[in-house]
Amino acid sequence: MSRYRKILSRVFASLFVVFFLSFFSQSFAQSGEDLYKANCSSCHKPLVDYTGPALKGARDREPNKDWAYQWVDHVNTMLETDPYAKSLLAKFGSRMTQQNLTKDQIKSILDWADSYTPPAATTGGGTGETGSDDNSLLYGVLTIILAVIALILLQVNSSLRKLSDEKEGVKRGEPVPFYRNKTYLMIGILVLFCIGGYYLNNAAIGLGRQQGYQPEQPIYFSHKVHAGTNQISCLYCHGGAQDSKSANVPSVNVCMNCHKAIKEYSGDPVTKDDGSPVNATGEIQKLYSYAGWNPDTKKYDRPGKEIQWIRIHSLPDHVYFNHSQHVKVGKQQCQTCHGPIQDMAQVYQFAPLSMGWCINCHRTTKVDFYNKDTKEGNKYYSIYEKFYQDLKADTIKDENGNIKEITMPKMDSVTVEKIGGTECQKCHY
């Protein structure tokens with residue numbers, strides 16, 4: 001029995017080493033590309049300006065080599081004091097969402113961007129982004145192969161021991177076949193339990209989520225043409241986003257404000273994500289059919305009907321989300337949650353919209369806190385007097401009016417979490 005315990009301990013030690021190396025390699029291999037995709041891809045591209053500036057060569061354009069690290073950690077402060085940050089705001093018209101990144105992670109992202117080269121052209125309307133370097137499948141296959149090799153070596157060892165015992169005249173009982181060996185059966189059960197638990201847990205976490213959902217709509221509406229090429233503000237069509245809980249799907253009349261005059265499409269060819277062409281002028285005619293508009297007589301001479309748009313972004317009924325709180329008060333860009341909407345030929349759900357995703361955003365996003373001295377920032381947050389004092393530098397003067405001591409602020413910024421953004425009742429009351 002002791003011999004089997006030694007063998008079993010060696011097997012477990014070998015498997016532990018294999019799994020440790022696999023997970024260590026995965027965590028260590030969190031490259032600049034992975035960090036870029038997780039934190040920066042919705043607003044930045046490596047080679048071209050997007051919602052924010054191109055990342056390649058960013059350090060060469062910045063005032064000094066440490067500017068990027070200061071910028072990520074102190075966005076609001078830099079926008080108030082730094083000329084280069086002010087010029088970026090003037091050029092792109094939006095503030096960067098606060099990211100919780102270390103200096104090494106920022107360096108990794110910028111190093112990757114500086115060495116980035118566009119991938120070779122592919123058919124099928126590719127997005128131009130490089131593929132994911134997820135090696136989980138490779139590590140899994142290697143682990144299975146090594147486990148099989150270890151099992152074979154154990155069987156070989158058992159056979160050699162049997163031959164040795166026979167040669168020395170030692171009589172031992174017949175070895176139990178591996179498929180009836182309790183040790184092997186227990187190992188197999190534990191492995192199956194872990195694998196089954198992993199997939200069951202992931203499946204349970206994903207219940208009700210539909211990241212990547214992209215239904216076919218009654219009318220092919222291209223945000224790339226409207227929000228991207230023609231630079232139509234999101235709030236023109238979705239006015240409720242800054243004034244109410246829901247963003248609202250625009251009515252047919254909103255569409256007709258423009259399409260009474262625009263009867264045909266004359267821009268670049270419109271294609272679906274799979275590369276198939278779209279008759280954009282024909283889609284405008286569909287709109288006229290829903291509106292009851294006659295483009296020849298320029299009159300509504302037919303009964304109109306509602307466009308049955310298919311909803312894409314939907315939260316569970318027990319979750320409260322207010323668009324105006326995020327857009328008007330929090331001053332968040334649409335791309336924060338909806339991704340690069342101005343580049344989407346067909347809209348799909350970009351973010352997971354999970355509770356963890358929302359909480360992580362609240363933990364890292366800095367609020368535009370109101371400053372009573374400069375009268376800048378959002379007055380909504382002026383109720384938080386404590387934070388105003390913590391953000392303020394106190395100057396102590398002597399009886400002659402000379403500066404005696406300057407007390408530095410206790411904090412340089414306030415995140416959404418600090419004003420109650422992670423309290424359960426904020427979204428589940």
Side-chain angles (χ1 to χ4, degrees), residues 30-119 126-130 223-235 326-327 330-345 350-351 360-361 364-368 376-377 412-413 415:
Q30 190 181 22
S31 62
E33 182 179 7
D34 297 329
L35 291 167
Y36 159 78
K37 289 180 178 179
N39 300 280
C40 314
S41 60
S42 61
C43 297
H44 294 277
K45 296 298 179 186
L47 301 179
V48 296
D49 289 345
Y50 196 47
T51 305
L55 293 182
K56 188 167 187 176
R59 285 174 291 193
D60 296 333
R61 301 189 300 269
E62 293 163 358
N64 58 72
K65 63 179 182 180
D66 293 327
W67 190 90
Y69 312 121
Q70 300 170 4
W71 164 247
V72 174
D73 288 337
H74 309 90
V75 174
N76 292 329
T77 303
M78 295 282 282
L79 286 173
E80 295 174 358
T81 60
D82 186 80
Y84 185 68
K86 292 180 179 179
S87 68
L88 290 178
L89 178 61
K91 179 178 179 180
F92 294 97
S94 61
R95 293 171 176 252
M96 190 184 84
T97 303
Q98 188 66 42
Q99 301 295 331
N100 187 21
L101 296 171
T102 65
K103 185 173 182 178
D104 289 338
Q105 288 175 325
I106 299 170
K107 182 178 183 300
S108 181
I109 293 172
L110 295 176
D111 288 343
W112 170 80
D114 288 341
S115 61
Y116 176 83
T117 54
T127 61
E129 295 287 344
T130 56
H223 277 75
K224 184 176 182 180
V225 171
H226 292 78
T229 303
N230 294 315
Q231 297 290 302
I232 298 175
S233 170
C234 299
L235 297 177
H326 290 76
V327 175
K331 297 183 179 179
Q332 292 298 310
Q333 300 297 314
C334 301
Q335 290 84 352
T336 301
C337 299
H338 295 286
I341 195 77
Q342 69 276 11
D343 285 342
M344 293 184 187
F350 173 81
N360 286 336
C361 184
T364 57
T365 301
K366 296 181 180 180
V367 299
D368 185 21
E376 295 179 351
D412 69 334
S413 60
T415 62

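Values below: all heavy atoms of this structure, side chains included; hydrogens, waters and symmetry mates excluded. When a residue number appears, it is its place in the shown sequence, counting from 1.
Within 6.0 Å of NZ on K91 lie no more than 12 heavy atoms contributed by other residues, nucleotides or ligands.
In this structure, OG1 in T229 is found 7.0 Å from NZ in K224, a value given to the nearest 0.5 Å. The NE2 atom of H338 sits 8.5 Å away from atom SG of C234, with the distance rounded to the nearest 0.5 Å. To the nearest 0.5 Å, atoms CD (Q105) and CG (L110) are separated by 12.0 Å. To the nearest 0.5 Å, atom CH2 of residue W71 and atom CG of residue D82 are 8.5 Å apart. Annotation: the span from Q333 atom CD to I341 atom CD1 amounts to 13.5 Å, rounded to 0.5 Å. Here the OG atom belonging to S87 is positioned 10.0 Å from the CG atom belonging to L79, to the nearest 0.5 angstrom.
A 4.5 Å side-chain heavy-atom check between T415 and V367 finds every atom pair outside the cut-off. Under the 4.5 Å side-chain criterion, counting only non-hydrogen atoms from C-beta, Q342 is not in contact with C334. Looking at heavy atoms from C-beta onward, L35 lies in side-chain contact with S108 at the 4.5 angstrom threshold. For the pair P340 and F350, the minimum side-chain heavy-atom distance is below 4.5 Å.
D114 and A58 make their closest contact through OD1-N, 4.4 Å (heavy atoms, listed as atom of the first residue, atom of the second, distance).
Side chain of T336 to backbone of Q332: no donor-acceptor contact under 3.5 angstrom is found. Between the side chain of N64 and the backbone N or O of D66, at least one donor-acceptor pair lies under 3.5 Å. Between the side chain of D49 and the backbone N or O of A54, at least one donor-acceptor pair lies under 3.5 Å. Put simply, the side chain of Y69 never gets that close to the backbone of K107: no donor and acceptor are under 3.5 Å apart. The backbone N or O of Q231 sits nowhere less than 3.5 Å from a side-chain atom of H226 that would complete a donor-acceptor pair.
Comment: R59 engages D111 in a salt bridge, judged by a side-chain N to carboxylate O separation of less than 4.0 angstrom.
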Passes side chain to side chain contact (heavy atoms under 4.5 Å, CB included), E80 versus K86? Steps please.
-> CA-CA 7 Å; E80 295 174 358; K86 292 180 179 179; 5.5 Å; no

Point to revise | side chain to side chain contact (heavy atoms under 4.5 Å, CB included) between M78 and Y84, worked out | key: CA-CA 9 Å; M78 295 282 282; Y84 185 68; over 6 Å; no

request  = Show your working on side chain to side chain contact (heavy atoms under 4.5 Å, CB included) between K45 and Y36 and close with a plain yes or no.
outcome  = CA-CA 9 Å; K45 296 298 179 186; Y36 159 78; 3.9 Å; yes

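Judged by a 6.0 Å distance limit and a 45° cone about the ring axis, K56 is not positioned over the six-membered ring of Y116.
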